[in-house]
Amino acid sequence: MNQWVDFKKLRRRLSFEQVLQYYRVEIVRKRNDQHLGPCPLPKHNGNRKSSTFSANLTGGMFQCFGCKARGNHLEFAALMEGINPEDGAALRHLALRLQAQFFPDESADKPEVRRESPTKDGVLPVVINAPLDFELKGLDDRHPYLENRGFLSETVTHFGLGVASRGLLKDRLAIPLHDQDGCLIGYAGRVVDDTVVS
């Protein structure tokens, strides 16, 4: 039985305060929804007593001005456990554990891929993609291609557009694809340099 996790949903529902408590990080200074304090990350190589660590408890983002680590609260959890946040399989395993810890009543079973019955005239069955358990990172949402094509920054942000710098979509505009329930099910890619054939 395959297990999956909706990263976007988990990040939205899981607060940074819950994550900090899970890793026994004491919230000493709290200013509105901002936590300030010493950096708790195991690989922090700076002063352990100065308040270099800042976490937005509702927005789910953190930054340490000492060791320069930054990211969302799932990436923080990964760093607390010595996991590279870029390691998709390890991050997925961690996310499943956090999901089971904080939302135990929710099923983590991956929905089965639904297929229509084959037709007699040889037409291939339609396959409906199951939600992805990852999101592309490091997309350049300020790439000149977007501005040259007249995209507004609000549009780029709303649809999560950006040019990829690595992987199968390297040097292509990555366009997230969602199903009718809003779940991410894939990416489309569009070359940004029409003179390059690849």
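Counting heavy atoms of neighbouring residues, nucleotides and ligands inside a 6.0 Å radius, atom CD of Glu147 does not exceed 12 of them. Within a 6.0 Å radius of NE2 in His93, other residues, nucleotides and ligands contribute 12 heavy atoms or fewer.
The minimum heavy-atom distance between Val19 and Leu14, with the atom names listed, is CG2-CD2, 3.7 Å. The two residues Leu169 and Ala188 come nearest to each other via the heavy atoms CD1-O, 4.4 Å. Considering every non-hydrogen atom in both Ser15 and Leu57, the closest pair reads CB-O, 3.9 Å. Nearest heavy-atom pair, Pro176 versus Leu161, reported as atom, atom and distance to 0.1 Å: CD-CD2, 4.1 Å. The minimum heavy-atom distance linking Ala78 with Leu91 is given by the pair CB-CD1, 3.9 Å. Listed here is the closest heavy atom pair of Leu74 and Asn72: N-OD1, 2.9 Å.
Atom-to-atom distance recorded for Lys68:NZ and Thr52:OG1 is 9.0 Å, nearest 0.5 angstrom. Taking SG of Cys64 as the reference point, atom NZ of Lys43 lies at 14.5 Å (rounded to 0.5 Å). Here Phe7 contributes atom CZ and Gln99 contributes atom CD; the two are 9.5 Å apart, rounded to the nearest 0.5 Å. To the nearest 0.5 Å, the span separating CG on Leu20 from CE on Met80 amounts to 8.5 Å. For the atom pair Phe65 CZ and Ser54 OG, the distance stands at 5.5 Å (nearest 0.5 Å). Annotation: the span from Leu177 atom CG to Tyr187 atom OH amounts to 9.0 Å, rounded to 0.5 Å.
A cation-pi arrangement is absent between Arg13 and Phe102 under the rule of less than 6.0 angstrom and at most 45 degrees off the ring axis.
Put simply, Val25 and Met61 are part of two different groups of oily side chains (I, L, V, M, F, W, Y) that touch within less than 4.5 Å, one to the next. Cluster membership check: Leu94 shares its hydrophobic cluster with Phe103, using side-chain heavy-atom separations under 4.5 Å among Ile, Leu, Val, Met, Phe, Trp and Tyr. By the criterion of side-chain heavy atoms lying less than 4.5 angstrom apart, applied directly or through intervening Ile, Leu, Val, Met, Phe, Trp or Tyr residues, Phe62 is not grouped with Leu36; the two fall into different hydrophobic clusters.
Here the side chains of Asn84 and Glu86 are in contact, with some heavy-atom distance below 4.5 Å. Looking at Lys137 and Glu75, their side chains come closer than 4.5 Å, going by heavy atoms from C-beta outward. Looking at heavy atoms from C-beta onward, Lys8 lies out of side-chain contact with Leu184 at the 4.5 angstrom threshold. At a threshold of 4.5 Å between non-hydrogen side-chain atoms, the residues Phe151 and Asp141 do not count as touching. Using a 4.5 Å heavy-atom cutoff, the side chains of Cys67 and His44 are in contact.
Not counting sequence neighbours, the partners of Glu135 by the salt bridge (Lys or Arg N to Asp or Glu O under 4.0 Å) test are Arg11. Legend: residues meeting salt bridge (Lys or Arg N to Asp or Glu O under 4.0 Å) with Arg97, ordered by chain and number and at least two apart, are Glu81. With sequence neighbours left out, Lys170 forms a salt bridge (Lys or Arg N to Asp or Glu O under 4.0 Å) with no residue at all.
Aromatic pair Phe76/Phe53: ring centres closer than 6.0 Å.
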(request) With side-chain contact (heavy atoms from CB on, under 4.5 Å) as the test, would you mind laying out the steps for Asn56 and Asp33 before giving the verdict? (result) CA-CA 6 Å; Asn56 187 298; Asp33 64 348; 3.5 Å; yes
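Just one residue in the list Val156, Leu173, Val192 forms a side-chain contact (heavy atoms from CB on, under 4.5 Å) with His143, and that residue is Val192.
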